[in-house]
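In what follows, a single structure is set out as structure tokens and then discussed.
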Amino acid sequence: CSPRPWPIGSVSSSTFTQALSASAGLRKRWQETEHWRIDLLAGYRYFQYRETLNVQQNSTVIGGALPPGTTISGVDAFYAKNDFHGGEVGFAAEWHRNRWSAVITPRVALGVASKNSRINGETIVDGGSPQGGDLLALSSNIGSRSDNSFAALPEARLVGRYAVSQHVALTVGYTIRYLSNVLRTSGQID
């Protein structure tokens, strides 16, 4: 076994994450009192989750099997995209009193998640021809892959509102979503 080269250099990485969601549906009033209203919801949900990871490295060998001064540079690129399509059901419960109101909207969508991944990588030694693979993108995981599977997408939304006047209101809210069976870039690293 020959000794490994002793490099000095740098490694940098960058990531990107994006989530998009859209829905279309019907809303039917189910129950209502003086301060409460509950509506039933049913429809279609689309959700997309994309993620990228890029790692670049540059180094100069100072000793070992390669001659000192040899430069090594490389790049790893990971891409993951999830597209979810499904039917959705839930309800919206609204409470109001004087100038205050609050709405909670739990729902769940069941459907198909289409998952696509691309992994690329290359290493260049002393400006020569690129070789496949680098630090994280190896011959065992380089390439494109796709898969379709059943997935669930539950969601909960809470919104509070204060009516300052007839035409102005202050609103604050929070939405949480969870996609089961999601493909992430970190799960593609061999």
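Along the sequence shown, the residues carry numbers beginning at 1.
- Annotation: the span from Glu122 atom CD to Asp76 atom CG amounts to 10.0 Å, rounded to 0.5 Å.
- No continuous path of ILVMFWY side-chain contacts below 4.5 Å connects Ile72 to Val75, so the two sit in separate hydrophobic clusters.
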*Report the C-alpha separation of Phe150 and Leu110 in whole Å, then their side-chain angles, then the decisive distance to 0.1 Å, and conclude whether the side chain to side chain contact (heavy atoms under 4.5 Å, CB included) test is met.*
CA-CA 8 Å; Phe150 173 80; Leu110 303 174; 4.0 Å; yes
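- Membership of the apolar cluster around Phe47 extends to Tyr49, Phe84, Leu153, Leu179, Val182, as traced through chained side-chain contacts below 4.5 Å between ILVMFWY residues.
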Would you tabulate the side-chain donor-acceptor contacts of residues 99-109 under 3.5 Å, counting partners in other chains and residues two or more places apart, or write 'none'?
{"unit_1": "Arg99", "atom_1": "NH1", "unit_2": "Ala163", "atom_2": "O", "d": "3.0"}
{"unit_1": "Arg99", "atom_1": "NH1", "unit_2": "Val164", "atom_2": "O", "d": "2.5"}
{"unit_1": "Arg107", "atom_1": "NH1", "unit_2": "Glu88", "atom_2": "OE1", "d": "3.3"}

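- Sorted by first and then second residue, the salt bridge (charged side-chain N to carboxylate O under 4.0 Å, His left out) pairs with a member in residues 134-143 form an empty list; sequence neighbours excluded.
- The number of heavy-atom neighbours closer than 6.0 Å to CZ of Arg161, taken from other residues, nucleotides and ligands shown, is 12 or below.
- Rounding to the nearest 0.5 angstrom, the gap separating the OG1 atom in Thr33 from the CH2 atom in Trp95 is 11.5 Å.
- Here the shortest heavy-atom pairing between Ile142 and Gly132 reads CD1-C, 4.3 Å.
- Applying the side chain to side chain contact (heavy atoms under 4.5 Å, CB included) criterion to Asn148, with sequence neighbours excluded, gives Val112, Ser114.
- Considering CZ of Phe16 and OG1 of Thr52, their distance stands at 6.5 Å, rounded to 0.5 Å.
- Of all heavy-atom pairs between Leu40 and Trp30, the closest is CG-CB, 3.8 Å.
- Take Gln31 and apply the side chain to side chain donor-acceptor pair (under 3.5 Å) test, not counting sequence neighbours, and it matches no residue.
- With values rounded to the nearest 0.5 angstrom, Leu136 atom CG is found 11.5 Å from Ser186 atom OG.
- Counting only residues at least two apart or on different chains, the salt bridge (charged side-chain N to carboxylate O under 4.0 Å, His left out) pairs with a member in residues 50-70 are Glu51-Arg184.
- For Asn82 (side chain) and Gln48 (main-chain N/O), no donor-acceptor pair under 3.5 Å exists by modelled atom type.
- The minimum heavy-atom distance between Asn54 and Phe78, with the atom names listed, is OD1-N, 4.5 Å.
- Taking OH of Tyr44 as the start and OG of Ser23 as the end, the distance is 10.0 Å to the nearest 0.5 Å.
- Counting only distance, with no hydrogens or angles, the side chain of His35 and the backbone of His96 share a donor-acceptor pair below 3.5 Å.
- Tyr79 approaches Gln188 most closely through the heavy-atom pair O-NE2, 3.6 Å.
- Within the model, atoms OG of Ser12 and CG of Asn58 stand 7.5 Å from one another, a figure rounded to the nearest 0.5 Å.
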